[in-house]
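Single-structure report; data block below.
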Amino acid sequence: MASNSHSPRFVRWSGYFAPTLREEPGDAEVVSHRLMLKAGMIRKVAAGIYDLLPLGLRGLRKVEAIVREEMDRAGAHEVLLPMVTPAELWQETGRWDVYGKELLRFQDRHERWFCLGPTHEEVITDLVRREVRSHRQLPITLYQIQTKFRDEVRPRFGLMRGREFMMKDAYSFDRSDPEAEATYGRMREAYDRVFARCGLRFTSVEAATGAIGGSFSHEYMVLAESGEDQTVSCSKCGFAANIEFAATAPIPSGSRSLQAASDAHPGGRTLQGTPDALPGSRTLQGASASSDAGSLSAPRRKIPRLPGEPSPSPIEPPAPCPKCSAPLSLTRGIEVGHVFKLGEKYSKAMKATFLDAEGKERTMVMGCYGIGIGRTFAAAIEQGHDENGPILPPSIAPFHVLLTTVAQDPRALEAAESLAKELNGAGIEVLWDDRDERAGVKFKDGDLTGIPVKIVVGKRFIEKGTIEIKPRRDGAACEVPPSAALAAAHEFLAR
RNA sequence: CCGGGAGUGGCGCAGCCUGGUAGCGCACCUGCUUUGGGAGCAGGGGGUCCCCGGUUCGAAUCCGGGCUCCCGGACCA
């Protein structure tokens, strides 16, 4: 499990800042939004703009840490680019005029135009073109984890679709097309690892790229009923695609186009095709579809049909899989990640070139790769919750163990504290609810944290010297002496 | 941006139609009782009723304009 060395690993609830709500928040429909408000993880500041409170921030930091580790493992290097970016860079690629109102623009005191960065192709390309001259400095992949701003017409669903949001965006620069595709493949493997480590059931699907010709992309979807996107998937061969893409993909000739579309993209192999390297017991369903890091907070893309093509009808399960003819199933998903092969779109416009071994000037081949950090955390709640609150995977829960003392008896408190310290020494992060509250209040609040393992020190400890330990997910408690708690906690966390 | 809904103590809401002392639950403070799934009783504090203007003896309530927020949709290279 990933943990941040800079966040406290043992926190007492008394004195902590986790203002839970007793009543249902009035203006939240979606589960993750409602529960995050109720748990005191977030508070709204304006439409699509939120405060992240300690519990919520810890969750996001966990996701962030996993993303960072996997990016580093894939050979990418972390940078931090400015959030405020000058108009000139955007004018170079024409996006200053094209982007529209989503790009929040403003002037500084000298009346120079700037915007809040919604994505950073221009900024990163500017950096790289100035510093990279030789083929010997390539390939290189840079990434950052940063707050982005997109002035969405209608933000909604809390962290799932905000205007300000935390995003990891990576950009690769390669010397050739094949090299760029290899990088793309490595990024896809990193993405598979990230979402698997986050404990999510997900799928990746192919997408057509619309206006950006010659390129391709994949989007990563967390499977959840509340998802805005629909995908079709085949449980037999692992094929998967965004339903809109599946229904509208161009048909080269006879065969219904899914297969052709899928095969046409080198990055499009399914996870079953890359059985290596993925830890954990995730349920993956395949590979599928969409656009650059820029579209992360903008799911649902309509892919234009070719002229003269018959009007497509959506693929309704149980349609046969275009690859293996097994029945397709329909799932809903939340787009949490996007990888996109950009080609030369930005490098050409901004003259990001290098000299190859023959001394010839060539244009860099780019890719970009986004992950919505907050959205991933919210998606985990969409996927894991019950009527009492979130049920989070250990890897991204704000703490690993919630220790609740129900009796304010000095012996119980003492036992709890030494237990907390023992767990802590073993690398387990503990939130100890030491508040002088009624048991009911503590249990209700405790469930709202989403922490996967619960330990109760109370009446039975006073009577029999035992404590209760149980997983948040299914309430089956076991009663053990405190000396057995560490082993039990490890066991539950490993499930 | 189109359509629908809503702004009233910190939170959730009623009151508005039919103008006349601003209410309820939760939270908060005090006391007593209680103590394993959001306790009970008693007492208490807390309000520019979103804003501006109009009608009226009198506006939370009626009228006009504006702002903000939520939901559905469109949009989201």
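Just so you know, these numbers use all the heavy atoms, side chains as well, and skip hydrogens, waters and symmetry mates. Predicted model, so just to flag it, every value in this text is computed and none were measured. Sequence lines set the chain letters: A, B, ... in the order given, protein chains first and strands last, and positions in each chain run from 1.
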Using the [atom1] atom as the point on both nucleotides, what is the distance between [M] and [N], in whole Å?
N	M	atom1	answer
B:U34	B:A22	C1'	34 Å
B:G4	B:G66	P	16 Å
B:C57	B:C51	C1'	25 Å
B:U8	B:G23	C1'	10 Å
B:G54	B:U61	P	14 Å
B:C63	B:C17	C1'	15 Å
B:C52	B:G46	C1'	27 Å
B:A14	B:C49	C1'	13 Å

Find every protein N or O atom lying less than 3.5 Å from an N or O atom of nucleotides 1-4 of chain B, and list the pairs.
none

Q.
Tell me the closest heavy-atom pair linking A:Leu103 and A:Leu116, and the distance in Å.
A.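 Closest pair (atom of A:Leu103, atom of A:Leu116, distance): CD1-O, 4.0 Å.
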
Paired with [N]: which nucleotide, if any, by Watson-Crick or G-U wobble criteria at under 3.5 Å for both distances?
N	value
B:C26	B:G10
B:C76	none
B:G19	none
B:C62	B:G54
B:G3	B:C71
B:C41	B:G31
B:U48	none

* Given A:Leu55 and A:Met36, is the side chain to side chain contact (heavy atoms under 4.5 Å, CB included) satisfied, shown in steps? -> CA-CA 9 Å; A:Leu55 227 35; A:Met36 289 178 85; over 6 Å; no

Does the distance from a Lys or Arg side-chain N to an Asp or Glu carboxylate O, for [X] and [Y], drop under 4.0 Å?
X	Y	answer
A:Arg188	A:Glu181	no
A:Arg129	A:Asp126	yes
A:Lys168	A:Glu64	no
A:Glu29	A:Arg156	no

Near-ring test A:Tyr184/A:Phe216, centroid separation under 6.0 angstrom =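 Centroid separation for A:Phe216 and A:Tyr184: below 6.0 Å.
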
- [ ] With sequence neighbours left out, write down each residue that passes side chain to side chain donor-acceptor pair (under 3.5 Å) with A:Thr353, or none if nothing qualifies.
- [x]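 Per chain and number, A:Thr353 pairs via side chain to side chain donor-acceptor pair (under 3.5 Å) with A:Glu361.
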
| query | For A:Arg411, what residues pass the side chain to side chain donor-acceptor pair (under 3.5 Å) criterion, not counting sequence neighbours? | reply |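 With neighbours one apart ignored, the set is A:Asp409.
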
Distance to the ring centre below 6.0 angstrom and angle to the axis at most 45 degrees; does that hold for A:Arg375 and A:Phe165?
no

Is A:Gln408 touching bases, backbone alone, or none of the nucleic acid, heavy atoms closer than 4.0 Å?
nothing

Provide, to the nearest angstrom, the distance between the [atom1] atom belonging to [X] and the [atom2] atom belonging to [N].
X	N	atom1	atom2	result
A:Phe165	B:C76	CZ	P	16 Å
A:Leu103	B:C75	CG	C1'	16 Å
A:Arg34	B:C71	CZ	C1'	15 Å
A:Glu29	B:G5	CD	P	16 Å
A:Phe149	B:C76	CZ	P	19 Å
A:Arg150	B:C76	CZ	P	13 Å

Any protein N or O atoms within reach of nucleotides 66-69 of chain B? Criterion: under 3.5 Å, listing atom names and distances.
residue	atom	partner	partner atom	Å
B:C69	OP1	A:Ala47	N	3.0
B:C69	O3'	A:Lys44	NZ	3.1
B:C69	O2'	A:Lys44	NZ	3.3

Just to verify, what does A:Glu479 make a salt bridge (charged side-chain N to carboxylate O under 4.0 Å, His left out) with, not counting sequence neighbours?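 Scan of A:Glu479 (salt bridge (charged side-chain N to carboxylate O under 4.0 Å, His left out), adjacent residues dropped) gives A:Lys464.
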
| task | Evaluate the ring planes of A:Tyr16 and A:Phe399, with Trp represented by its six-membered ring, and classify them as parallel (under 30°), tilted (30 to 60°) or perpendicular (over 60°). | result | perpendicular

Practice item. For the pair A:Tyr220 and A:Tyr191, name the ring-plane relationship: parallel under 30°, tilted 30 to 60°, perpendicular over 60°. Key: tilted

With B for base contact, S for sugar-phosphate-only contact and - for none (protein heavy atoms under 4.0 Å), nucleotides 32-41 of chain B reads --B-BBBB--

The residue, A:Gly26 or A:Phe157, whose nearest nucleotide of RNA chain B is more 5′ is A:Gly26

